[in-house]
Structures are given as structure tokens and as C-alpha cells.
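What follows is a single structure, written as C-alpha cells, with notes after it.
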2 protein chains.
Amino acid sequence: MDTNGNSGRGGKPTINDIARLSGVSKKTVSRVINRSPLLNEDTRKRVDDIIRATGYVPNPQARALALRRNFLIGLVHDNPNAQMVLGVQQGILGVLKGTEYELIVRPVDRGSTTLVADVRSFLERQRLHGVVLLPPISENNGLAALCDSLGCRYVRMGSADLDDAAHMVASNDREVVRDAVAYLAGIGHRRIAIITGPQGFRSAFERRQGYEEALSAAGIAPNPGYAAEGNYRFESGLAAARMLLAQAPRPTAIFASNDEMAAGTLHAARMIGLDVPADLSIIGFDDTAIAAHIWPPLTTVRWPIVEMGKAAARKLLAGTIDEQPEMPGDALFPSQLIQRASTAPPK
Amino acid sequence: MDTNGNSGRGGKPTINDIARLSGVSKKTVSRVINRSPLLNEDTRKRVDDIIRATGYVPNPQARALALRRNFLIGLVHDNPNAQMVLGVQQGILGVLKGTEYELIVRPVDRGSTTLVADVRSFLERQRLHGVVLLPPISENNGLAALCDSLGCRYVRMGSADLDDAAHMVASNDREVVRDAVAYLAGIGHRRIAIITGPQGFRSAFERRQGYEEALSAAGIAPNPGYAAEGNYRFESGLAAARMLLAQAPRPTAIFASNDEMAAGTLHAARMIGLDVPADLSIIGFDDTAIAAHIWPPLTTVRWPIVEMGKAAARKLLAGTIDEQPEMPGDALFPSQLIQRASTAPPK
DNA sequence: TTGTATGCGTTATCAT
DNA sequence: ATGATAACGCATACAA
């Protein structure tokens, strides 16, 4: 027996109400909802009018059960960078707005040995439409394979092409760092040091590669003492910079692989009485809020993170009735060097 | 006919598989899942063993349909402050971890005339277990009433008690600002200015009240020229500070209602050659990453935002099988003054 | 304490 | 092009 359909008293209208009101079967209503091509235009319009008039909205829970798939987009990450998580969220949500999709946020522990198993049970339970994988876990090929095997769409974000265009939103870290360091060389610096990100992060690798390529292009011999590793945190930048600034001869410029470490570098310089940029030029990476607000305002690299989040969401929605038009730049996300006041020619 | 249950071939086990395997009805299995008290301990254990052995997990979509309620917690906000959104998320997710609940993030537009209608359709569609309302929209009583009428649990976060304990997680902004300004007075400042937050924000109101109460307690007559309004952004802080510093006599200390505006104040001071803290003391609010990383490190107020997010989630989960123990501090979230290097006695 | 029948609101299958 | 009927997987009412 089919009793769902509340005959107008209380509650929200169901597909049966619409069917009864428009004098068709519920399957036909379903076809209207799902934009089935094999539908008489007249009946489509008639049903559509009733839907609009009643304010009917399909029940997502029932659809999820029947389709064995939810209208949810997952954001799976290991909180590498607050600015990034929030920027990506903002981008995704901007695209999801007005669609029937919602965003569900899922932090994971990249160090855990059960990482893949955790994500698996999450995906199996929630039956998401798709997920966005943030670095560094986006670099895990096992996770991508898992999504595939579970029939869950995915898009990986990262600093290099790890996957095909449908599954990847990449920035050009290497290239832009090459430009940044070339800029330092161009204004006369020869003793240029780097504070790298932690080993195992693709972003750290790419940025260091860009640094080395720029040195090489400028004919500067790499100096092992001019490279120190940080972990993307302020304190590590401070420590790394102190080490770097203790070298003889002292570097006249430091590229820090993110803004937080650049801020640490600034503190380190100040602690030994160095003026920035007169005695030391500093370049950061990310263009977080801190970059423009410290003194001197930091020359840094701006990463179009919100746009990348949007692109990821658009790729996930491709082929659905909520499909968003692919944007021209969805394949390439050029970062750019933002020149502020922390860089100057060496004395 | 009852055919769901896949007899072991492919797919994940359903409640019917468990029922068949343990020789009971599916209703009994359902009782085990939902911890029904009226259950023979023997059968409970037997079914539980099968569940564990098979790795059975109830299908959330089916439960949602039958219960007409989802196992989702919503975070509804209007992005007032990135740090805050992320901190609350972190707190909520920390509590949700290990439970069957997930977090769904929903930005809204507080300026929209359809705000309440938007939230209504969101809640009606998703049938969330509960929502966390962030300021400033948490100050909207209509939203709280809406949640109530929809049978959706809610917790409001804010700077003052707007609701009963079960629905409110509040910080003591007024009190802590009173302490902060009293501290300035205590080290000798008499000309203390304030940069307020935007009108209409309860946090702005509370912080200003705290400022005025402290002045009054210190026997300092309020000077209208020593108050300027900002909008919580860097640029507004910069502009407000320039105005304040143009007053004669010039204030020797400025309390900025958040860190970003405090950073703007620092820039304004530097632009006219003032030394901080020798010529001007500055106190901020939030203890965002920027506070500790600018120069000089900023004296500010630390707001236990992550703990507040946790408390909100715990209140939402109260009474469920995933109930988390109430923590001692779940009613009170004392902020504290973090003394760093941007404050000193006046010259 | 446990089981039977039925509902939850949608989509899929297979007719016509 | 449209409809009748059976899934989808779990919970509730009522019976036993």
C-alpha cells in the first residue's frame, strides 16, 4: 500500500502529493525532477507548475537511500594550513550554493596507519557524491585509488600534477618560486637562502626545486649552508633563520616556504639587529592575512586558493543536473608574486 | 516481501543479514543497535558478536529516512572571523570524532532579507540533528525560534547570555576587556582610547561596555574623542587609529576590539613615528596567529574558541547514545589576557 | 522479551 | 511516453 502523501494536512508535500495533484504517477514526477529526456513537454510543464506552486522539494534522505548515493561533497584534509582549509571551503561552498549539494568536513590524521581504512569507512557509510582531497593527503595515491574503487568521485588539490585533469587542481608552485627567486637575483642578490617545508610534502619539494632552478639560471652556485628545513610553523622559521643568519658570509635574502616561517625570519632578523629590507630581504609564500599586516609588509606569493576550491567543486559536479560551467582557468592556477616592502636590493 | 539482505555475496551486510545470521528478527537487531533496555542480555551479546564479526554498520541514509532525522550537525555562520570559524569547527569535530555524527557547514548571508527562510529550507531539507549558530547570526532570536519550531536542536555561541544554558555557549567578553583596560590603568595610563567593533554586533557592544566600566572604576572620565568605530578589518583599524592618534592630547594606549584592527593600529603608530610600546600601548582581542607574530608581539585576549566549539557539540549530543560527558567548564569560558610586548607604562 | 506488518519518500524494473 | 510494483535499509506500532 502506498500511503505516503499527506493529503495536504500538515507536513511538507511528498512526491505522491504532486503525483495526485497533477494526475500522473509518481514515477512521472520523478522523471520531471530528474530531467528525464523521454517526457512529454506538456506533462513536464504541468507537473513542474504543481511543484512550483506547492513548493515541493524532494526529500534528500529518501533519494539517498534509493540512489545509494548522497548529495554531499566531502572535504577530507589533515589541517595543514588554516588559511587553506578555509579558502578551499569558501570556494567549494560558493559553487555549491544554489545547488542541492552540501559540504561535509572530515579531518583525518595523515600519520595514522589506519588512514586509508578510516577514509574507506567514512566513504562507505556516507556514500558521498564526491570528495576534495587537500594536501598533503592528496598526495596519497592509495586514497585516490580507494575513491575510485568505491565509485566516489574525487578531486585532488596539490602543488604538482599528480593525476589527470578531471581529478586534479594544481598550482604552479615551482614556477612561481622560480620567478620569486629570480626577482631577488634580478635586483642584485647573490647570497640567497631558503627555508624549506618539511620533507615528504610535495609543496616543499616543488618550492625548493623552483629555488634551485632559479639559482642555476642566475649562475649562482648552491650553498648547502643556505638551506634549512622548517615545518611551516612560525617557531621553525625563527629557528631556521637564526641558523641561516649565523652563516658567514651572511645571506642577503631568504625565501621562506610559507608566510608563517617568513614572519619567524623577520623576528630572527630583528633579534640580531638587522633591518628588513635594508640588511635582509625576505619573501614568503601564501599571502595569508599576516603577510600584509606585519611590518614591513611582506613580499610573498599569492595562491588562488579560493578559485582552486571552486574549480574542484565544479569538477565534482560535472555531469550532474547541477553542473556548473567549466571556467577557462580550471586547468591552471597561476600564483603571483606580490611585491611589498620586505625586499630591496642588497646594500 | 523482504529481500534486502544480500546473503553474503558482495556489498556490505544489512540488518537482515545480521538478523538471519544471529537467528533473530531484524527488529531485535535494531534494538541492539539502539541500545534498547528491554533486551535479553544473552541475545544482545549474541547479536553484538555477529555485528562485530561481520563489521556491520547501519546505513545512515536508511536510518535518516525512517527516523526523519539525520545524524548530522550543522555549523551555520556568516564568516565573521576566519579564526573563529576554524576554531569552532575544530572543537566540534573533536567531539564528533568516533561518533556517528558528521559536520556539515552552511554559510549564510546575515544581510539577506531571506536569512530566516534560507535557514528554514536548509533545516527542513537536511533534517539535522542539531546546529551550532555562530555570531553574529546567533544573536538573531528568530533563528533560535525557528530551530525550536522545526524540532532541530541548537546551540548559540556568543559574547553574552542570550539563551538558557542548554542552548548557549558564551564567553565573558565584557569582563575580560574590563580586566584588560584595568591593567592599562594599573600601569599608569589615563588617556586610553578604544576602537570598537561595528554597531549591531553584540561582541562589539560587550567589549565597549567592558572598556567603559573599567574607565569608570579607575575614575577616568570618558572622552568621546577617544572612541572610534571599526569593522573588525585591518584597514578600518588603521583608519580609526589615525583618527585617535590625531587627538590632542594624544592617547597613550589603545584597546582595539580585535587583533586585526590592533595590527592596523600598530601600522598607524609606525606611520607617524611612534614607538610601541614606549609611545603607545596596544591591546588586541582574539589571539589570532597574527598577534604573536607581529612586532612587537601583541598583548591580547585569548578566547577559548576551540573549547567553546567542543562544549557546543557536547550540548547537541546530550541525551543521545553518543553522549559525551559534560565538562566542568561547559557553562563558563573565561578568556584571559595574554601579556606580550605591546604594552608598557606611559612615558 | 521478541516478532510481524507496515511506513519512511524516493528511484528502478519492466511492463504497456 | 507513462504507470504498477518492487526495492532501498531501518524503525515503529502493535501483537504475541
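Chain letters run A, B, ... following the sequence lines, proteins first and then strands; every chain starts at 1.
For Lys27(A), there are no side chain to side chain donor-acceptor pair (under 3.5 Å) partners, not counting sequence neighbours. Applying the ring-ring contact (aromatic ring centres under 6.0 Å, His included) criterion to Tyr101(B), with sequence neighbours excluded, gives Phe71(B), His129(B). The side chain to side chain donor-acceptor pair (under 3.5 Å) test applied to Arg68(A) returns no partner, not counting sequence neighbours.
Taking every heavy atom of both residues into account, Ile137(A) and Leu143(A) meet most closely at O-CD1, 3.7 Å. Across Pro13(B) and Asp17(B), no two heavy atoms sit closer than the pair CA-OD2, 3.2 Å.
At dG3(C), one or more side-chain N or O atoms of Ser25(B) fall inside 4.0 Å of OP1 or OP2 (strictly under the cut-off). For Thr43(A), no side-chain nitrogen or oxygen approaches OP1 or OP2 of dA1(D) to under 4.0 Å. Of the side-chain N and O atoms in Thr14(A), none sit less than 4.0 angstrom from OP1 or OP2 of dC8(C).
Atom CD1 of Ile321(B) is separated from atom P of dC10(D) by 14 Å (rounded to the nearest Å). Atom CZ in Arg68(B) sits about 18 Å away from atom P in dT6(C), given to the nearest Å. The distance from atom CG of Asn70(B) to atom C1' of dC8(C) is 13 Å, rounded to the nearest whole Å. Across the protein-nucleic acid pair, Ile33(A) atom CD1 and dT2(D) atom P stand 15 Å apart, rounded to whole Å. Between Lys26(A) atom NZ and dC8(C) atom P the separation is 10 Å, expressed in whole Å. dT2(D) atom P lies 11 Å from atom CD of Glu41(A), rounded to whole Å. One interatomic measurement links the two molecules: CD1 of Ile18(A) to C1' of dT10(C), which rounds to 13 Å at whole-angstrom precision. The interatomic distance linking Leu67(A) (CG) with dA7(D) (P) rounds to 17 Å, in whole Å.
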Polar atom pairs between nucleotides 13-16 of chain C and protein, under 3.5 Å, N or O only, would you list them?
none

- Please report the C-alpha distance between Arg156(A) and Asn141(A) in whole Å, then the side-chain angles of each, then the deciding distance to 0.1 Å, and finally whether the side chain to side chain donor-acceptor pair (under 3.5 Å) criterion is met. CA-CA 10 Å; Arg156(A) 304 160 77 172; Asn141(A) 289 323; 2.7 Å; yes
- List the steps and the verdict of side chain to side chain contact (heavy atoms under 4.5 Å, CB included) for Asn70(A) and Arg63(A). CA-CA 8 Å; Asn70(A) 233 318; Arg63(A) 302 185 81 182; over 6 Å; no
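Contact check for Val57(B) versus Arg125(A): side-chain heavy atoms found under the 4.5 Å cut-off. Inter-residue side-chain proximity for Leu103(A) and Leu72(A) is flagged as unmet; no heavy-atom pair is nearer than 4.5 Å. A 4.5 Å side-chain heavy-atom check between Met157(B) and Met168(B) finds every atom pair outside the cut-off.
Heavy-atom nearest nucleotides on DNA chain D were determined for Ala66(B) and for Arg44(A), and the one closer to the 5' end corresponds to Arg44(A).
Side chain of Asp322(A) to main chain of Thr99(A): no donor-acceptor pair is present (N/O by atom type, distance under 3.5 Å, no hydrogens or angles).
The side chain of Thr28(A) approaches dT2(D) more closely than any other nucleotide in the set dT11(C), dT2(D), dC10(D).
Non-hydrogen atoms lying under 4.0 Å from DNA chain D are contributed by nothing in residues 117-128 of chain B. Near-neighbour residues of DNA chain D inside residues 50-65 of chain A, defined by a heavy atom below 4.0 Å, number-ordered: Leu65(A).
The environment of Lys310(B) atom NZ is sparse: at most 12 non-hydrogen atoms of other residues, nucleotides or ligands sit within 6.0 angstrom.
Val29(B) comes within contact range of no nucleotide atom at all, as no heavy-atom separation falls under 4.0 Å.
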